[in-house]
Amino acid sequence: MIETQIRHITEQCQNHQTLVAVTKTVPVKQMERARSAGITIFGENRVQELLSKYDYFIDTEIQWHLIGNLQTNKVKYIIDKVTMIQSLNRQNLAIEIQKQAQKLGISMDCLVEVNIGNEANKHGLAYEDVEDFLAYLANNCPNIRVCGLMAMAPYVKKEQTRPYFAKMYRLFYHCQQFSTVTDAFQVLSMGMSHDWQVAVEEGSTMIRIGSAIFSEE
Ligand SMILES: *Cc1c(COP(=O)(O)O)cnc(C)c1O
């Protein structure tokens with residue numbers, strides 16, 4: 001049950017990791033149950049789907065995170081609706097977010113997405129390109145507030161994800177020492193339904209859970 005799953009996950013988050021309920025393909029009726037059970041952040045990976053559900057929760061405390069690869073031409077549709085873009089993964093996307101955020105006079109919270117397993121089918125920066133990208137953002141995107149890093153482990157057995165998360169934590173910690181990041185750089189978003197316990201053990205501060213909350217109904 002949605003309520004039981006949410007309680008189960010929150011109870012295991014000893015360091016009070018932020019729980020993002022990933023609601024792609026989940027109908028609003030079930031999302032409403034998750035909200036009643038204490039969820040305050042929904043994560044969607046498609047702009048169209050986020051927009052189709054947005055109005056339903058407009059009078060609530062719900063915040064939206066964009067977690068999937070974002071086409072530059074769609075930034076303008078979500079820039080005033082999401083509280084965080086977790087999938088900032090390339091320069092032309094940064095340019096567009098900067099442009100749209102500047103237009104509205106806002107600062108957009110973003111996470112830099114890292115392709116920690118160097119997988120061809122996944123988006124995100126290569127590990128060794130992160131430092132330069134953070135410098136680029138610091139120097140060129142005053143309306144982007146870089147709040148940390150996001151990553152997905154390769155789809156391997158649960159325990160085999162550990163070295164990837166550990167590597168990600170070391171990168172995160174390393175980045176915090178750079179002069180190009182600010183005090184806002186506090187979020188390490190990693191861990192999904194099948195591997196979040198490992199991610200939490202390795203230093204995740206934000207987990208993104210879909211099927212483990214919503215799937216059995
Ligand atoms: C779908 C998705 C999740 C959640 O996946 P589950 O395995 O259903 O928990 C997390 N992060 C991203 C980027 C996703 O696309």
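First listed ligand is number 1; within each ligand, the first listed atom is number 1. Just so you know, these numbers come straight off a predicted model, no measurement behind them.
For ligand 1, the protein residues placed under 4.0 Å by at least one non-hydrogen atom are Val22, Lys24, Asn45, Ile67, Met152, Met192, Ser193, Arg208, Ile209, Gly210, Ser211.
Applying the side-chain contact (heavy atoms from CB on, under 4.5 Å) rule to Asn69 yields the partners Asn89, Arg90, His123; only residues at least two apart in sequence or on another chain are considered. In this structure Val47 satisfies the side-chain contact (heavy atoms from CB on, under 4.5 Å) test together with Leu51, Leu66, Leu70, Lys74, Tyr77, Ile78, sequence neighbours excluded. Listed by chain and residue number, Arg7 satisfy the side-chain contact (heavy atoms from CB on, under 4.5 Å) test with Glu11 (two or more places apart in sequence, or in another chain).
Judged by distance alone, the side chains of Glu201 and Gln197 never bring a donor and an acceptor atom under 3.5 Å apart.
With ring centers used as reference points, Phe185 lies 6.0 Å or more from Phe178.
In this structure, Lys167 satisfies the cation-pi test against Tyr127, with its NZ or CZ atom closer than 6.0 Å to the six-membered ring centre and inside 45 degrees of the ring normal.
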